[in-house]
Amino acid sequence: NVVIPEGVVSIGRSAFKGSASLKSVSLPSTLKDIEYRAFKECSGLETLELPDSLERIDASAFKKCYLLESVKFGSGLREIGDSAFKGCFSLRNVEIPSSVVFLGDGVFAECEALESATLICNAQTIGVGLFYGCGALRNATLPPNLEELPEGTFKGCASLRSAQLPPKVERIGKNAF
């Protein structure tokens, strides 16, 4: 278990990458940025509570954290990069706060246990394949200001029963479902 002290504002590229024995991490209220692959393949990490000060999660930051079951996103989060949580096989539910304005490609792709996703964020666009291969996904609420449903958003989501598309959606990309 790791406690990152107050005053730390950024966790660098691949800082904890591959730390399989890491089960929990306590993040400081001063943290603003989690960089590329910072916690990638921390296969023992089970839960994550992100501070309200956090503004950006870079690409692949938590990719392949196989045992990660839950993430509580802070209210200051603005960006979640490509594949940030891709392959987090145990993640069950996500709720993206209204502060988020950018969701990259495949952020939650291949999260096989993901059942519910609520995106109350203010993003007008979301990345390609956001939920690609999330076979257990049953319900999804998309951002209210979303104008386009990109290619492959729900491709491979065999259990999908409900996807609430906002009224502003003007275009649905190929293989969206």
Side-chain angles (χ1 to χ4, degrees), residues 34 36-37 39-43 45-52 54-177:
I34 297 176
Y36 181 66
R37 294 183 176 171
F39 293 93
K40 182 182 179 188
E41 298 169 348
C42 289
S43 55
L45 190 61
E46 296 174 355
T47 62
L48 188 60
E49 185 167 342
L50 301 171
D52 290 338
L54 185 66
E55 296 173 1
R56 184 175 77 103
I57 300 171
D58 203 357
S60 302
F62 295 95
K63 185 177 183 179
K64 296 184 180 178
C65 291
Y66 299 125
L67 297 181
L68 186 61
E69 290 182 10
S70 68
V71 179
K72 182 183 181 295
F73 295 95
S75 63
L77 187 62
R78 299 195 44 80
E79 299 178 24
I80 304 176
D82 296 349
S83 303
F85 294 92
K86 182 178 182 178
C88 292
F89 297 147
S90 301
L91 193 59
R92 297 206 177 279
N93 301 296
V94 293
E95 184 171 324
I96 305 299
S98 61
S99 58
V100 173
V101 294
F102 177 80
L103 288 164
D105 294 346
V107 170
F108 298 106
E110 300 171 13
C111 291
E112 297 174 351
L114 188 64
E115 296 175 353
S116 175
T118 304
L119 311 180
I120 55 172
C121 59
N122 283 308
Q124 290 182 322
T125 61
I126 57 176
V128 170
L130 188 67
F131 298 110
Y132 175 84
C134 294
L137 186 64
R138 289 191 301 230
N139 303 303
T141 302
L142 297 170
N145 295 320
L146 190 67
E147 296 173 355
E148 176 184 354
L149 190 64
E151 177 179 340
T153 301
F154 295 109
K155 187 173 182 178
C157 298
S159 301
L160 190 64
R161 293 188 180 127
S162 171
Q164 295 181 9
L165 302 180
K168 292 184 177 185
V169 169
E170 296 174 355
R171 185 175 178 279
I172 298 175
K174 76 176 183 184
N175 297 316
F177 290 90

Enquirer: State which residues pass side chain to side chain contact (heavy atoms under 4.5 Å, CB included) with Ser75; sequence neighbours excluded, sorted by chain then number.
Expert: Asp52

Enquirer: What residues form a salt bridge (charged side-chain N to carboxylate O under 4.0 Å, His left out) with Arg161, not counting sequence neighbours?
Expert: none

Enquirer: Can you sort out the partners of Glu95 under salt bridge (charged side-chain N to carboxylate O under 4.0 Å, His left out), two or more places apart, ordered by chain and number?
Expert: none

Enquirer: Listed by chain and number, what are the ring-ring contact (aromatic ring centres under 6.0 Å, His included) partners of Tyr36, not counting sequence neighbours?
Expert: none

Enquirer: Who passes ring-ring contact (aromatic ring centres under 6.0 Å, His included) against Phe73, sequence neighbours left out?
Expert: Phe85

Enquirer: With sequence neighbours excluded, tell me which residues meet salt bridge (charged side-chain N to carboxylate O under 4.0 Å, His left out) with Arg56.
Expert: Asp33, Asp58

Enquirer: With sequence neighbours left out, what residues match Glu41 under salt bridge (charged side-chain N to carboxylate O under 4.0 Å, His left out)?
Expert: none

Enquirer: Which residues pass the side chain to side chain contact (heavy atoms under 4.5 Å, CB included) test with Ser43, sequence neighbours left out?
Expert: Ala20, Tyr66

Enquirer: Could you pull out all donor-acceptor pairs under 3.5 Å where a side-chain atom in residues 142-153 meets a protein atom, sequence neighbours excluded?
Expert:
residue	atom	partner	partner atom	Å
Asn145	OD1	Lys168	NZ	3.2
Asn145	ND2	Asn122	OD1	3.4
Glu148	OE2	Arg171	NH1	2.6
Thr153	OG1	Pro150	O	2.7

Enquirer: Sequence neighbours left out, what passes side chain to side chain contact (heavy atoms under 4.5 Å, CB included) with Glu46? Give chain and number order.
Expert: Lys23, Leu67

Enquirer: How would you list all residue pairs meeting salt bridge (Lys or Arg N to Asp or Glu O under 4.0 Å) that involve residues 122-142, not counting sequence neighbours?
Expert: Glu115-Arg138

Enquirer: Applying side chain to side chain contact (heavy atoms under 4.5 Å, CB included), can you list everything that pairs with Ala123, at least two apart in sequence or on another chain?
Expert: Cys121

